[in-house]
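See below for the structure under consideration.
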Amino acid sequence: MEVHEDSSSVILRDGELGTTTPSLRFSKTCLKNVFSVILLFIYLLLMAVAVFLVYQTISDFREKLKHPVMSVTYKEVSLYDPPGIAFYPGKAQLLSCKHHYYDHIPPLINPGQPGDIECNTQRINYTDPFTNQTMKYALVVQGPRDVKKRELVFLQFYLNETDQDFSAIDYLLFSSFQEFVSSPEKAKFMKDCESSYSSWKFSGGFRTWVKMSLVKTKEEDGSETVEFKQETSVVNYIDQRTKPRSDQLFFVVFEWKDPFIQTVQDIITANPWNMIALLCGIFLALFKAADFAKLSVKWMIKIRRRHLKRTRQVTNHIS
């Protein structure tokens, strides 16, 4: 009898173990499955973030290509290439032209009378580039060169008669007087200058002081364009000649504003190498996330198969 009871108790303990062990295994498997699903969602979220970063990076790069940033640099020089100053005096006559230094212009001895012309001048006739019919007469004068000595050019014009209420002389600035002198087709050179550069005026009865600054612009195709910026101040001229005059006197001064040449260039801030490096890192993260997701799915399938196999074994054992 004692042996029978011991055997039945052993059978009961085995039965108890048989009923509790599958539940514990099921709970562990369930936790593992839940953890795997959570991990898979995290990987998918990381992949979505990586895809968004790729899209955002490419969009920012394209936007920076469309909108380059303007870069301005200043180069200091002691000597400029002498610019050309083209005057369109009409009926006016050039009386004097001199180069002075250190902003010192001595008083005129005989205003309105012919004086010394010490400037390098050229006279040119050419057809109007906008009409191609009318002839234009231009007086081209070499501009100041030495910016450290504050070189300036002082010119005096005289106009005897005018049928207008006010009188003015047109002028334009171009980058190099030497290019004009060495050009085999000076008429075509002046037509191109008039088409490319802006023109200004200075009036009679005043002393007009023009301070120039040079701006170079580098285009996308590598070419370089030059333009002038100027600051103009006008001072009234007090005519002290004894007899009343009906003629007009014109005085104009040209000087460099400062020794800095301003260079303007469009710069694309988007660096393709930085973008390539970022995309490579993002794609590596994508591949790693995809590999982790693949391993997680395989692991979940493997755990599921093990669970089904153990369930079948328990069922067969019980049956």
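We number each residue from 1, following the sequence as shown. Only a predicted model underlies this, so the values are computations on that prediction, with no experimental measurement involved.
Using a cut-off of 4.0 Å between Lys/Arg side-chain N and Asp/Glu carboxylate O, Glu151 and Arg145 are scored as not salt-bridged.
Ring geometry for Tyr74 versus Phe260: interplanar angle over 60°, hence perpendicular rather than tilted (30 to 60°). Ring geometry, Tyr88 versus Tyr126: the interplanar angle exceeds 60°, so the pair is classed perpendicular (tilted spans 30 to 60°).
Between the side chain of Lys148 and the main chain of Leu79, no donor-acceptor pair closer than 3.5 Å is present.
Under the rule for a salt bridge (charged side-chain N to carboxylate O under 4.0 Å, His left out), the partners of Lys201 that lie at least two apart in sequence or sit in another chain are Asp170. Residues that satisfy the side chain to side chain donor-acceptor pair (under 3.5 Å) test with Trp256, not counting sequence neighbours, are absent from this structure.
A distance of 7.5 Å separates OG of Ser198 from CD of Glu227, quoted to the nearest 0.5 Å. The OH atom of Tyr101 sits 9.0 Å away from the CG atom of Leu152 when rounded to the nearest 0.5 Å.
Using a 4.5 Å heavy-atom threshold, the side chains of Leu249 and Tyr158 count as touching. Annotation: side chain of Gln122 is not in contact with side chain of Ile124 (no heavy-atom distance under 4.5 Å).
For Phe130, the CZ atom is densely surrounded, since the number of other residues' heavy atoms within 6.0 Å is greater than 12. The number of heavy atoms from other shown groups lying within 6.0 Å of NZ (Lys218) does not exceed 12. Annotation: Glu185, atom CD; neighbour count of heavy atoms from other residues, nucleotides and ligands within 6.0 Å does not exceed 12.
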Stepwise, does the ring-ring contact (aromatic ring centres under 6.0 Å, His included) test hold for Phe250 with Phe87? CA-CA 12 Å; Phe250 300 80; Phe87 296 96; over 10 Å; no
Please assess Trp200 against Leu173 for the test side chain to side chain contact (heavy atoms under 4.5 Å, CB included), listing each intermediate value before the final yes or no. CA-CA 9 Å; Trp200 294 276; Leu173 303 170; 4.2 Å; yes
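The shortest heavy-atom contact between Ser78 and Val147 is O-CG1, 3.1 Å.
For the residue pair Gln265 and Ser71, no side-chain donor N or O sits within less than 3.5 Å of a side-chain acceptor on the partner.
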